[in-house]
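Contents: one structure, followed by commentary.
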Amino acid sequence: MNPIDEHTERFVHLRPLLFTIAYEILGAATEADDVLQDSYLRWRRVELTTVRDTKSYLAQLVTRQALNTLRAGASRREEYVGPWLPEPLLLADGDASSDVVLTESVSMGMLVVLETLTPIERAVFVLREVFGFDYDEIASATGKSLDTVYQTARRARNHVQARRKRYGPVDTARTAAVTERFITAATTGDMEGLLSMLAPDITWTTDSGGKVTALPELVIAGAERVGPILMAVFRYAQRRPQVRIETVNCNSQPALACYVGDKLEALLVFDIADDRIINGYGIRNPDKLSALGIPRTISRTEKA
């Protein structure tokens, strides 16, 4: 086997794992694709006889490239118009719902929490808590000392746990059931039923990037305010025959894709706890919606 073919084989074998690492660090599928492309080109220049553990080597390489991308894009996110939400991910058949840790780690709610970490905290948390890499591997990937990695891992873990304490493990089946009940209430005008599915302190966040029209308030809090707005949106959609709403598997949980004709105009994603929607996310930025045209395969392990 010639060296280039072996490089490609090893990389392709680990690609779902490497993509998932990059996506969880970046919160953007298109950026994760770019990181993998750049990492692959760097990987092809590596002498394979010097690589003792391909998985560890490539994970570290991808992490370093993802951190570079995250830091380079920091100013763009600071200048972003309105709230910034992670880029949604459409999963291919055979999604990750059987892997509880992976399902939770790619959920929109978790990705929103990860956005509140520093780049190093995010990388350390993802590599340790999601993928189970050793601390020395993480130190090599991030260029930090072991002591710094230990402290960063503890700080990041406490930060995430404090912000996700209301949630149990993501239950895809229960999320699907709540989503279907939500659709029924919204499309039949059952305001009482819809409000019963919203947590009293629900927050609804819309990400338009300033590129399309959106709700006048991009962050809305409280069921009594969120409920009527969502009902109005569905009533408006029902009056337009070219509008259709479909359930899709997004970020390893059911979500609602809103189309006008063949064009995807919005994606609605829910955080659910105790059979109630406690956070809602409306993604309207067309740049982020474009990634949903490509089904992805994610994994925490090597391909069998």
Side-chain angles (χ1 to χ4, degrees), residues 7 10-11 13-48 50-78 84 86-87 89 99 101-102 104-107 110-164 296 298-302:
H7 279 87
R10 292 194 193 187
F11 195 90
H13 179 71
L14 289 164
R15 195 182 193 289
L17 167 72
L18 300 175
F19 173 82
T20 311
I21 291 173
Y23 176 69
E24 294 200 18
I25 292 175
L26 293 165
T30 49
E31 289 183 351
D33 286 336
D34 292 341
V35 162
L36 259 62
Q37 177 65 22
D38 185 66
S39 298
Y40 173 69
L41 294 176
R42 293 171 183 270
W43 166 244
R44 286 185 58 173
R45 297 195 292 269
V46 173
E47 174 54 56
L48 292 181
T50 66
V51 179
R52 298 194 331 185
D53 184 332
T54 301
K55 175 184 173 182
S56 178
Y57 188 99
L58 283 174
Q60 292 178 46
L61 174 59
V62 166
T63 297
R64 286 192 288 271
Q65 295 309 114
L67 279 171
N68 290 339
T69 299
L70 195 59
R71 290 163 178 149
S75 61
R76 291 197 304 274
R77 295 194 183 185
E78 289 173 0
W84 193 99
E87 189 177 283
L89 196 67
D99 184 333
V101 173
L102 183 57
E104 166 67 8
S105 70
V106 299
S107 68
M110 175 61 83
L111 291 173
V112 168
V113 171
L114 293 182
E115 286 294 322
T116 64
L117 300 175
T118 67
I120 288 296
E121 288 173 342
R122 185 166 185 165
V124 169
F125 179 87
V126 166
L127 292 177
R128 182 61 186 171
E129 300 300 321
V130 180
F131 297 94
F133 282 99
D134 293 336
Y135 286 106
D136 57 346
E137 294 175 297
I138 300 173
S140 178
T142 58
K144 301 296 182 181
S145 69
L146 270 177
D147 283 345
T148 297
V149 169
Y150 286 135
Q151 294 170 13
T152 302
R154 182 172 61 253
R155 185 168 61 248
R157 184 168 53 249
N158 291 340
H159 179 100
V160 171
Q161 288 176 346
R163 285 158 178 77
R164 294 291 286 173
R296 314 285 184 153
I298 59 174
S299 178
R300 286 196 304 139
T301 60
E302 299 180 46

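Throughout, residue positions are numbered sequentially from 1 according to the sequence presented. Quick caveat: nothing in here was measured; it's all calculated off a predicted structure.
- Going from atom CG of Asp33 over to atom CG of Asp38 covers 12.5 Å, rounded to the nearest 0.5 Å.
- No side-chain heavy atom of Gln60 sits less than 4.5 Å from a side-chain heavy atom of Ile21.
- When side chains are defined from C-beta on, His159 counts as touching Thr116, because their heavy atoms get closer than 4.5 Å.
- Note on ring orientation: taking the six-membered ring where Trp is involved, the planes of Tyr23 and Phe19 are parallel (angle under 30°, cut-offs 30° and 60°).
- The aromatic rings of Trp43 and Tyr57 sit tilted, their planes meeting at an angle between 30° and 60°.
- The two residues Leu111 and Pro86 come nearest to each other via the heavy atoms CB-CG, 3.6 Å.
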Go through it in stages, so that I can follow the logic: the residues are Val51 and Val46, the test is side chain to side chain contact (heavy atoms under 4.5 Å, CB included), and I'd like the CA-CA distance, side-chain angles, deciding distance and then a yes or no.
CA-CA 8 Å; Val51 179; Val46 173; 3.6 Å; yes

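- With values rounded to the nearest 0.5 angstrom, Leu36 atom CG is found 4.0 Å from Phe11 atom CZ.
- Of all heavy-atom pairs spanning Ala59 and Phe133, the tightest one is CB-CZ, 3.4 Å.
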Step by step, work out the side chain to side chain donor-acceptor pair (under 3.5 Å) result for Gln65 and Ser39.
CA-CA 7 Å; Gln65 295 309 114; Ser39 298; 5.3 Å; no

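- Under the salt bridge (charged side-chain N to carboxylate O under 4.0 Å, His left out) criterion, Arg76 pairs with Glu31, sequence neighbours left out.
- Expressed to the nearest 0.5 Å, how far CG of Leu18 lies from CD of Glu302 amounts to 9.5 Å.
- Across Glu24 and Ser105, no two heavy atoms sit closer than the pair OE2-OG, 2.7 Å.
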Checking Arg164 against Val112 for the side chain to side chain contact (heavy atoms under 4.5 Å, CB included) test, could you report, in this order, the C-alpha distance in whole Å, the side-chain angles of both residues, the deciding distance, and whether it holds?
CA-CA 10 Å; Arg164 294 291 286 173; Val112 168; over 6 Å; no

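- Here the closest heavy-atom approach between residue Val124 and residue Val149 is recorded as CG1-O, 4.0 Å.
- Note that OG of Ser145 is 12.5 Å distant from CG of Asp136, once rounded to the nearest 0.5 Å.
- For the side-chain contact (heavy atoms from CB on, under 4.5 Å) criterion with Ile138, the lone passing option out of Leu127, Val126, Thr63 is Leu127.
- Within the structure, salt bridge (Lys or Arg N to Asp or Glu O under 4.0 Å) contacts touching residues 120-129 (residues at least two apart or in different chains) are Glu115-Arg122, Glu121-Arg155, Glu129-Arg157.
- Between Arg300 and Thr20, every side-chain heavy-atom pair lies at or beyond the 4.5 Å cut-off.
- Counting all heavy atoms, side chain and backbone alike, Leu67 lies closest to Pro119 at CD2-O, 3.4 Å.
- Between atom CD1 of residue Ile298 and atom CG of residue Leu89 there is a gap of 6.0 Å, rounded to the nearest 0.5 Å.
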Are Val160 and Leu117 close enough, and set up right, to give a side chain to side chain contact (heavy atoms under 4.5 Å, CB included), and what steps lead you there?
CA-CA 9 Å; Val160 171; Leu117 300 175; 4.2 Å; yes

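- Nearest approach of Arg296 to Ala29, heavy atoms of both residues: NH2-CB, 3.8 Å.
- In this structure the side chain of Arg42 never reaches within 4.5 angstrom of the side chain of Val62, judged on heavy atoms.
- Taken from OG in Ser299 to CZ in Phe131, the straight-line distance is 8.0 Å, to the nearest 0.5 Å.
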